Enquirer: 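I have a structure here, written as structure tokens, and I will follow up with some questions on it.
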2 protein chains.
Amino acid sequence: MTGTNGVFMDDRQVSKVGSKALLKRMNRMRVLNTVRERAHIGRAEVADITGISRASVTYLVGELVKDGWLIEYDKGETTQAGGRPPILLQFNPDAMYAVVVMIGSERTTVAVGDGNAHMRYRETQPSVLGRSADEVVDVVVDMIGRALDTSGVDRQRVGGVAIGVPGLVDAHNSIVHYSARLPVMRDIDLGSMIATRVGLPVMVENETRLIGWGELKFGSGRGYSPLVCVSVTLGIGSCIILEDRMLSGSSYSAGQFGHMTIDEHGPLCECGNRGCWEALASSAAVLQRARGLDAAWAAEPTIPAILDAVKNGDRQAGKLMHETAVHLGIGLANIINIVNPSIIVLHGKMFEAGDAFLQTIRQTVSSRALKLPALNTRLIVSELGEQAGLAGGVTLVMRSVLESPLEQRANPFYV
Amino acid sequence: MTGTNGVFMDDRQVSKVGSKALLKRMNRMRVLNTVRERAHIGRAEVADITGISRASVTYLVGELVKDGWLIEYDKGETTQAGGRPPILLQFNPDAMYAVVVMIGSERTTVAVGDGNAHMRYRETQPSVLGRSADEVVDVVVDMIGRALDTSGVDRQRVGGVAIGVPGLVDAHNSIVHYSARLPVMRDIDLGSMIATRVGLPVMVENETRLIGWGELKFGSGRGYSPLVCVSVTLGIGSCIILEDRMLSGSSYSAGQFGHMTIDEHGPLCECGNRGCWEALASSAAVLQRARGLDAAWAAEPTIPAILDAVKNGDRQAGKLMHETAVHLGIGLANIINIVNPSIIVLHGKMFEAGDAFLQTIRQTVSSRALKLPALNTRLIVSELGEQAGLAGGVTLVMRSVLESPLEQRANPFYV
DNA sequence: CGAGGTTAAAACAATAAGTGAATTAACCTC
DNA sequence: GAGGTTAATTCACTTATTGTTTTAACCTCG
């Protein structure tokens, strides 16, 4: 369509011809993001940080204030040796709201969040597993409607809907191509199906990628690049974000380390291959192996039950989790060697297994990864937890509103 | 220095503030590259392809012609139903020359190439292995001097020197941080050392990354993105290029798949880890294993000797190469799963082992990689061979000349 | 308390890149 | 050679950025 393959989520911008509109969008975003990241900041400092001239910053900030994205929240606090105090700027979280839907294999969640990813509303329903695609759409549309009606936010200010789905998603066209967990989602144009019924722009993205966005913009990965986010649940999902761009690949599966072989002779994986990371270190793998053990918690094992057993000093459980930590470490070492990220954010219940578990992971990483990249990679556990995906949805919606061509968008805020 | 980590080789551009100069550089490059890629093209078609207006294209092409980058090589050949024929444009390979140096562990090569990466001069010397850093600089400076003197190209038209080194290179600052093959190269500011003595801009880059650039711009990978280039020699080098940007990582080691674990219980690697791809599938690994065999060619094995043995039906050699192909395939499958590239270019003598060898690789890949990304990935053997690195050097020099701010550069061509 | 200093923000005029519309150039066919 | 067609150029216009100047708002010190 555009000629070059869509590799980044936002390659429209980069590969588009350089027009004055593009220039302005770039600088506008730059100013807005600078204020968002370092709040309590005046125009002059924004100019210094961004490198944009003071005159342009004044102009752009003026527009952003007029449109409601920024607020001049305080006049005060002079700097240094006297001089006029800056007019302090702040991102206005109420400029825009986003509806975020997470269609998981364990539950369905809909939330409404403001620009700071604070959720004003939330509803959780059982998983849609087993339903048809149309039924899934019905459920989601229903939940979105209820969210819009009862959350109390001004519908005019809702910038759009972001939907997270486990599986292969063409985020450009909002199409779900394939999902191992939700098999009915096969080449489904989820975006259009929902957009026509809720009357809002709809974006669809892979679940783990939403989590990655959340961690990058609101979580412990704030500002790092390249960022790798690894989410361990039944499978292992992951993504790579580079300078605010999601690495997408030629068919939407870049950054997925789950099916990386780390043991060529290892156990068979769902995908047909042997020794995938996911077959050795996911929750599913742990549960699978637990079932083969002889213990009370092993009859119908759950991750929390196993973690409990570890806490109570159960030898078998301890060994199981130790081995899992080693396998996680091997995969993480690979990520470090291959991607050389500045941060890896670890996501999922399993990382609440305690210090010993993390210790084993870290030891494995530092013994198996190359020294230099290992030293340069922060390995941290998500603080956002379940919130990450929702926050990521807010990010997507906000970007889409901000980056859509100015002309095309009747400015909905403070007109 | 720039605030954000240098992730792409050319992030100056992307992260820099949007100025009119940037805009012009972008469009200029776009026009130039369009003409380079689809030669025999008129201004109107360039405008259609790039999306830039006809007026701007006229202006930009005019400037590029004036500066000597493009030539109006023919007036003829009208299109369709009459009408003025376009003035056909062509990239002018003589607009700029580049000196390219490859400091390998087996030899040192210096070449002078034109804008089409045709080499006008070449000299090869034995490897600098064992020499001190200063001696290496002496050798290189000497060779560059001879190249400039005897190649016959106008020194005014030499845009710079590109140097390829096996190892960890900070291409931004032209510093070689570490090299397993040339251990004296440790935190050496090779760029400055050579630049001051030859009086030309000098760029330093990792050997495999130069090969990748060559394949992308002049080889079989032309225009593909994302492109992965894998070079199998004693070790395994590799790189990832995305939309004309080299993936660099937070400490210059992104895209290196050599030390990716594919067998956690595998043999010990030089790096201290177990089962690295490089420890299982590189030439060194093959030679190592060959030495353990009982055959005439196994006493002092070389890759050509082993390949010969295979051709002559030697069972042991056949098995050895088959297993190597499988290991190569496993690593390539990982690359496909992780990066989801649209092409992987295979580089190195080993890929001349014949159809059976490649067949085994392909079979392994298609049985072990995920179906969709595997279908979307072309797996091809380099046509450029030894030339690739040299061509890549030309690319780097040309980019640096074209992308340097217009004001700063006294235009050396056709003034 | 007011003059002089300092910094921030706004206003203004200048610059320059991209673009649409109009014009000119170069070819075709009938 | 008239009318049609497409390419390239020219020109007037728009607009984003910028350097400079001006105004605003604070400080300190005598």
Side-chain angles (χ1 to χ4, degrees), chain A residues 13 16-32 34-35 40-66 70-89 405-407, chain B residues 13 16-32 34-35 40-66 70-89 405-407:
Chain A
Q13 263 191 104
K16 254 258 152 61
V17 46
S19 66
K20 266 173 284 195
L22 171 68
L23 208 61
K24 185 170 179 180
R25 270 217 302 286
M26 283 173 62
N27 287 344
R28 236 173 88 97
M29 281 297 277
R30 214 178 164 72
V31 167
L32 183 60
T34 305
V35 176
H40 321 300
I41 194 179
R43 289 161 171 80
E45 202 180 339
V46 171
D48 290 347
I49 292 170
T50 58
I52 303 170
S53 71
R54 274 163 128 95
S56 295
V57 169
T58 293
Y59 168 63
L60 291 169
V61 166
E63 217 177 65
L64 287 166
V65 167
K66 183 171 68 63
L70 296 180
I71 16 180
E72 303 181 321
Y73 79 100
D74 200 351
K75 291 185 188 169
E77 289 164 64
T78 187
T79 23
Q80 312 227 63
R84 174 173 175 175
I87 302 170
L88 296 180
L89 297 165
L406 299 176
E407 319 79 46
Chain B
Q13 264 191 100
K16 255 255 154 63
V17 47
S19 66
K20 267 173 284 194
L22 171 68
L23 208 59
K24 186 171 178 180
R25 270 216 302 286
M26 283 173 62
N27 286 343
R28 236 173 88 97
M29 282 295 277
R30 214 177 166 71
V31 168
L32 183 60
T34 304
V35 176
H40 322 300
I41 195 178
R43 288 161 171 80
E45 202 179 338
V46 171
D48 289 348
I49 291 170
T50 59
I52 302 170
S53 71
R54 274 162 129 96
S56 295
V57 169
T58 292
Y59 169 63
L60 291 169
V61 166
E63 217 177 65
L64 287 166
V65 167
K66 182 172 67 64
L70 296 181
I71 17 180
E72 302 180 322
Y73 79 100
D74 200 352
K75 291 185 187 168
E77 288 163 65
T78 186
T79 23
Q80 311 228 62
R84 172 174 176 174
I87 303 170
L88 296 180
L89 299 165
L406 299 175
E407 318 80 46

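The sequence lines fix the lettering, A, B, ..., with proteins before strands; numbering per chain opens at 1. No experiment lies behind these values; they were computed from the predicted model shown.
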Enquirer: At 10 degrees resolution, what angle do the end axes of the helix from C/dC1-D/dG30 to C/dC30-D/dG1 form when each is taken over five base pairs?
Expert: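 Roughly 10°, once rounded to the nearest ten degrees.
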Enquirer: As a quick check of understanding, evaluate side chain to side chain contact (heavy atoms under 4.5 Å, CB included) for B/M26 and A/L22, giving each step before the final call.
Expert: CA-CA 12 Å; B/M26 283 173 62; A/L22 171 68; 3.9 Å; yes
Enquirer: Quickly work out the A/I52 CD1 to C/dA9 P distance and round it to whole Å.
Expert: 15 Å
Enquirer: Phosphate oxygens OP1/OP2 of C/dG18: is one of them under 4.0 Å from a side-chain N or O of B/N27?
Expert: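 For B/N27, the contact criterion (side-chain N or O under 4.0 Å from OP1 or OP2 of C/dG18) is met.
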Enquirer: Would B/E72 and B/R43 pass as an ion pair if we require N to O under 4.0 Å?
Expert: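 Yes.
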Enquirer: Hey, does the side chain of B/T58 come within less than 4.0 Å of D/dT9's phosphate (OP1/OP2), counting only N and O?
Expert: yes
Enquirer: Are A/T34 and A/E45 packed together at the side-chain level, in the sense that at least one heavy-atom pair is separated by less than 4.5 angstrom?
Expert: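 They are not in side-chain contact.
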Enquirer: Kindly point out which of D/dC26, C/dA9, D/dA8 is positioned nearest to the side chain of B/R43?
Expert: D/dA8
Enquirer: Going by an N to O cut-off under 4.0 Å, is there a salt bridge joining B/E63 and B/K24?
Expert: yes
Enquirer: Could you check how far CG of A/L22 sits from C1' of D/dA16, rounded to whole Å?
Expert: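 After rounding, the reported distance stands at 12 Å.
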Enquirer: In whole angstrom, what separates A/I41's CD1 from C/dA8's P?
Expert: 11 Å
Enquirer: Taking the side chain of A/A44 as heavy atoms from C-beta outward, which of C/dA9, D/dT10, C/dA17 is closest to it?
Expert: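 When the side chain of A/A44 is considered, C/dA9 is the closest of C/dA9, D/dT10, C/dA17.
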Enquirer: If you compare every side-chain N and O of A/Y59 against the phosphate oxygens of D/dA16 (OP1, OP2), does one of them come in below 4.0 Å?
Expert: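 Yes, such a contact exists.
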Enquirer: Using only heavy-atom distances, decide whether a donor-acceptor pair under 3.5 angstrom links the side-chain of A/K20 to the base of C/dT19.
Expert: no
Enquirer: The side chain of B/S53 lies closest to which of these nucleotides: D/dT10, C/dA8, C/dG18?
Expert: C/dG18
Enquirer: Return the value, rounded to whole Å, for the distance between atom CG of A/L88 and atom P of C/dT7.
Expert: 17 Å
Enquirer: Whole angstroms only, please: what is the CD1-P distance between B/I87 and C/dA26?
Expert: 8 Å
Enquirer: Among D/dA16, C/dA26, C/dG20, which is the nearest nucleotide to the side chain of B/P85?
Expert: C/dA26
Enquirer: Could you list, one pair per line, each protein nitrogen or oxygen that sits under 3.5 Å from a nitrogen or oxygen of nucleotides 2-4 of chain D, together with the distance?
Expert:
none

Enquirer: Taking A/S56 for the side chain and A/I52 for the main chain, is one N or O donor matched with an acceptor at less than 3.5 Å?
Expert: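 No.
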Enquirer: Can you tell me how far P of C/dG18 sits from CG of A/L23, to the nearest Å?
Expert: 9 Å
Enquirer: For a 4.5 angstrom cut-off between non-hydrogen side-chain atoms, does B/V46 reach B/V35?
Expert: yes
Enquirer: Within the structure, does a side-chain N or O atom of B/S56 lie under 4.0 Å from either OP1 or OP2 of C/dA17?
Expert: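 For B/S56, the contact criterion (side-chain N or O under 4.0 Å from OP1 or OP2 of C/dA17) is not met.
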Enquirer: Can you find a pair of side-chain heavy atoms, one from B/V31 and one from B/L64, that are under 4.5 Å apart?
Expert: yes
Enquirer: Can you figure out which of C/dG20, D/dG19, D/dA7 approaches the side chain of B/R54 most closely?
Expert: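 The listed nucleotide nearest to B/R54's side chain is D/dA7.
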Enquirer: Do you know the tightest heavy-atom contact between B/G42 and B/P86?
Expert: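 Smallest heavy-atom distance, with atoms named: CA-CB, 3.9 Å.
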Enquirer: To the nearest Å, how far apart are A/E45 CD and C/dA8 C1'?
Expert: 12 Å
Enquirer: Between A/N27 and A/L60, is a side chain to side chain contact (heavy atoms under 4.5 Å, CB included) present by the stated rule, with each step listed?
Expert: CA-CA 8 Å; A/N27 287 344; A/L60 291 169; 3.7 Å; yes
Enquirer: Take the protein atom NZ of B/K24 and the nucleotide atom C1' of D/dT17, then report the distance between them rounded to whole Å.
Expert: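 B/K24 atom NZ is separated from D/dT17 atom C1' by 15 Å.
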Enquirer: Using a 4.5 Å cut-off on heavy atoms from C-beta on, say whether the side chain of B/I41 contacts that of B/L88.
Expert: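 Not in contact.
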